[in-house]
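Structure first, then comments.
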Amino acid sequence: MSKVERQPSDAVVSAVRHALVVPLGALAHRLDPQADLGAHGIDSASAIEVVFAIEEALGVELPDDLLSRDTLRSIDSLSAAFELVQASS
């Protein structure tokens, strides 16, 4: 799949930040959207939980080919991936 050219919607970014509240607490709402989530304690297990929460909130499923370290790296990359999924559904 190609990269998203347009900006993710506010709803998508909000869903990503909300899903990050469980592992990151209030930091999820203050974190720079390009910050490396791994540097803030998001490991592979918590990243999958975050993806599940975003999928539930948005009513879409992230395809396996988008489940990569690059996608899970930041709020921006997660938001872009979910925007792509929403745009193609």
Side-chain angles (χ1 to χ4, degrees):
M1 291 189 165
S2 64
K3 288 196 171 210
V4 174
E5 306 248 341
R6 64 182 184 179
Q7 292 287 72
S9 70
D10 290 343
V12 170
V13 175
S14 178
V16 170
R17 285 190 182 275
H18 184 74
L20 287 165
V21 168
V22 171
L24 295 179
L27 176 62
H29 294 292
R30 298 187 315 269
L31 194 61
D32 183 299
Q34 295 179 353
D36 185 328
L37 295 174
H40 293 281
I42 301 295
D43 59 15
S44 59
S46 57
I48 296 304
E49 291 299 318
V50 166
V51 167
F52 288 153
I54 299 166
E55 288 175 336
E56 185 174 322
L58 297 176
V60 296
E61 187 173 319
L62 194 65
D64 289 344
D65 64 329
L66 287 179
L67 281 174
S68 69
R69 182 164 174 76
D70 285 339
T71 298
L72 303 172
R73 184 174 313 280
S74 67
I75 291 170
D76 276 354
S77 60
L78 274 167
S79 297
F82 275 99
E83 186 69 30
L84 177 64
V85 170
Q86 278 198 320
S88 66
S89 59

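Note that this is a predicted model, so its numbers are computed, not measured.
Atom-to-atom distance recorded for Leu78:CG and Ile54:CD1 is 5.0 Å, nearest 0.5 angstrom. Annotation: the span from Leu31 atom CG to Leu37 atom CG amounts to 6.5 Å, rounded to 0.5 Å. Expressed to the nearest 0.5 Å, how far CG of Asp36 lies from CD1 of Ile75 amounts to 11.5 Å.
The side chain to side chain donor-acceptor pair (under 3.5 Å) search around Arg17 returns none, not counting sequence neighbours.
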Result block: side-chain N/O donor-acceptor pairs under 3.5 angstrom for residues 22-30, not counting sequence neighbours:
none

Can I get a per-line list of side-chain donor-acceptor pairs under 3.5 Å for residues 38-50, giving both atom names and the distance, sequence neighbours left out?
| unit_1 | atom_1 | unit_2 | atom_2 | d |
| --- | --- | --- | --- | --- |
| Asp43 | OD1 | Ala45 | N | 3.3 |
| Asp43 | OD1 | Ser46 | N | 2.8 |
| Asp43 | OD1 | Ser46 | OG | 2.8 |
| Ser46 | OG | Asp43 | N | 3.0 |
| Ser46 | OG | Asp43 | O | 3.2 |

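Residues Leu72 and Ser77 are not in side-chain contact: their nearest non-hydrogen atoms beyond the backbone lie 4.5 Å or more apart.
The minimum heavy-atom distance between Glu55 and Leu62, with the atom names listed, is OE2-N, 2.8 Å. Shortest non-hydrogen contact noted between Pro33 and Ser74 is O-CB, 3.4 Å.
The backbone N or O of Ser9 lies less than 3.5 Å from a partner atom in the side chain of Glu83, making a donor-acceptor pair. No donor-acceptor pair under 3.5 Å is formed between the side chain of Ser14 and the backbone N or O of Asp10. Between the side chain of Ser79 and the main chain of Pro8, no donor-acceptor pair closer than 3.5 Å is present.
Follow the hydrophobic side-chain contacts under 4.5 Å out from Val16 and you never reach Val21; the two are in separate clusters.
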Discussion item. With side chain to side chain contact (heavy atoms under 4.5 Å, CB included) as the criterion, how do Leu58 and Gln86 come out once you've worked through the C-alpha distance, each side chain's angles and the decisive distance to 0.1 Å?
Written reply: CA-CA 8 Å; Leu58 297 176; Gln86 278 198 320; 3.9 Å; yes
Worksheet entry | Intermediate values then yes/no, side chain to side chain contact (heavy atoms under 4.5 Å, CB included), Phe82 and Val51 | CA-CA 9 Å; Phe82 275 99; Val51 167; 4.1 Å; yes
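Counting non-hydrogen atoms of neighbouring residues, nucleotides and ligands closer than 6.0 angstrom, the CG atom of Asp32 exceeds 12 such neighbours.
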